[in-house]
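Structure first, commentary second.
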Amino acid sequence: METPLFEVADVFERGVGETTDIVEKELFRLAPRSDDRESWALRPEATAGIVRAFIQHGLQTWPQPVKVSLVGPMFRYDRPQAGRYRQFWQWDVEAVGDPGPAVDAELVELGLRFYRDAGLADVEVLLNSIGDTTCRPAYVARLTAYYRSIAAELPDLERRRLETNPLRLLDSKDPSMGNVNLDAPKIADHLCEACAAHFEAVRAHLDALGIGYRIEPSLVRGLDYYTRTAFEFYRRGAEGQQQALGGGGRYDGLVELLGGHPTPGIGFALGIDRVILALEETGTPLVAEPAPIAVVCGAEPTGTTERLRVATILRGEGLAVRAELAHRKLGRQLEAAVKEGAQFAVILGDELAEGLVQLRDLQAASQKAVPLADLPALLRRKSGERAAR
Ligand code: HAM
């Protein structure tokens, strides 16, 4: 799904939550035109917009769950620093319409698989349950009472936040909160029966998949829409504020909050910039784009009409092919194709008039005449063999 880069600010304010950092401090608001009564903002994250679209376009009538993903830029107004940018990229994945618990584990596995495939082996998942509307209010009341009892020890910012969003004190950035939070009541000890059973079942599914996780009682996430399962991905040993490689969780109340029928949902977003930073830090090469299966070359340096025409035929057959469009000698064309990692050169010459081309295997340095008509099937087979290797 592609959602707009900007929406009516209300989607984010209501979706993400008025008192979250993302809305309170980091929302990029667009200056209104004098005749515009609506207020607009750049999207700070994808979930609220996806859920808005889910409702607006009647996706609740599709077979459930509706699974969507989105890759794109997000915007948060914050002090830029390593790993924290005002424009950054997320890969966002959502499954709307599935109450879990199996899909919760499925998504955690998917996130971890992405990191592994990208070359980051040592990524750990931190897991928590933050309850739901049945059990969380009582827990929040207990937590508020705890913080009020030690209000004098709290930093100013946290004392103010206590009145608007007490859960956020648990993952406060203030170092002096470390000890205070050690003694704070833990949500895991105050889950209702249904939430506790759900959490246990999520863990059982992860266990069955052989996925290690760490239960992190202070993990509450910075967005208000979460219920039950919450998780974050970190590189082992790199768990600072700017270092979450991704995070997500369940949001069983969000569709209803934004005006739809009650529908459960869960998703995550991975920070692509941070993944790239981590790859650089660990000296892991980025996964290279696959080389074309063939480059269409020609004996006549200026014969680009034919080269482009043959490449277009092959691309029309779904093959990844480059046409050599520079006016250079055949030897140079072939050198470039080898350098690029192409497996074949299709060489056009006089025999094209009889429907024949030369197919050169660039690695074996062997060559044979092939009817142009047979070329797509032949290259498709070779492409398949290469993909299987
Ligand atoms: P989030 O934890 O706010 O969650 O962001 C997800 C990831 O985006 C972070 O873990 C981080 O890697 C990356 N990220 C966040 N802010 C920045 C920044 N300023 N610069 C670079 N990277 C950043 C969400 O956005 C939720 N929408 C995730 C979700 C989807 N929950 C359910 N579905």
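Both backbone and side-chain heavy atoms feed into the values below; hydrogens, waters and symmetry mates do not. Whatever order the structure lists ligands and atoms in, that order sets their numbers, starting from 1. Positions are given from 1, in the same order as the sequence printed here.
- For L245, the heavy-atom gap to ligand 1 drops under 4.0 angstrom.
- Of the protein's non-hydrogen atoms, Y85 N, 2.9 Å is the one closest to atom 20 (N) of ligand 1.
- The CG atom of L107 lies 6.0 Å from the CZ atom of F231; values are rounded to the nearest 0.5 Å.
- What sits closest to atom 26 (C) of ligand 1 on the protein, heavy atoms only, is Y225 OH, 3.3 Å.
- How far CD of Q343 is from CD of Q363: 5.5 Å, rounded to the nearest 0.5 Å.
- Under a hydrophobic clustering in which Ile, Leu, Val, Met, Phe, Trp and Tyr are joined whenever their side-chain heavy atoms come within less than 4.5 Å, directly or via other members, F54 and M1 fall into the same cluster.
- Contact between G83 and ligand 1 is present, with at least one heavy atom of the residue lying under 4.0 Å from the ligand.
- When only non-hydrogen protein atoms are considered, atom 9 (C) of ligand 1 lies nearest to A244 O, 4.0 Å.
- Looking at Q90 against ligand 1, only its side chain comes within 4.0 Å, counting heavy atoms.
- The residue I266 has no part lying near ligand 1, judged by heavy-atom distances below 4.0 Å.
- Looking only at protein heavy atoms, the nearest one to atom 32 (C) of ligand 1 is G267 O, 3.2 Å.
- Looking at E94 against ligand 1, only its side chain comes within 4.0 Å, counting heavy atoms.
- Near G248, meaning under 4.0 Å from any of its heavy atoms, are these atoms of ligand 1: 31 (N).
- Of the candidates R84, R221, E45, R76, it is R76 that places a heavy atom closest to atom 3 (O) of ligand 1.
- Closest to atom 13 (C) of ligand 1 among all protein heavy atoms lies G271 CA, 3.7 Å.
- Residue nearest to atom 22 (N) of ligand 1, selected from W91, F231, F88: F88 (by heavy-atom distance).
- Closest to atom 31 (N) of ligand 1, if we only count protein heavy atoms, is Y226 OH, 2.6 Å.
- Not a single heavy atom of D78 sits under 4.0 Å from any atom of ligand 1.
- For F268, every heavy-atom contact with ligand 1 shorter than 4.0 Å involves the backbone, none the side chain.
- Residue Y77 places its OH atom among 12 or fewer non-hydrogen atoms of other residues, nucleotides or ligands, all under 6.0 Å distant.
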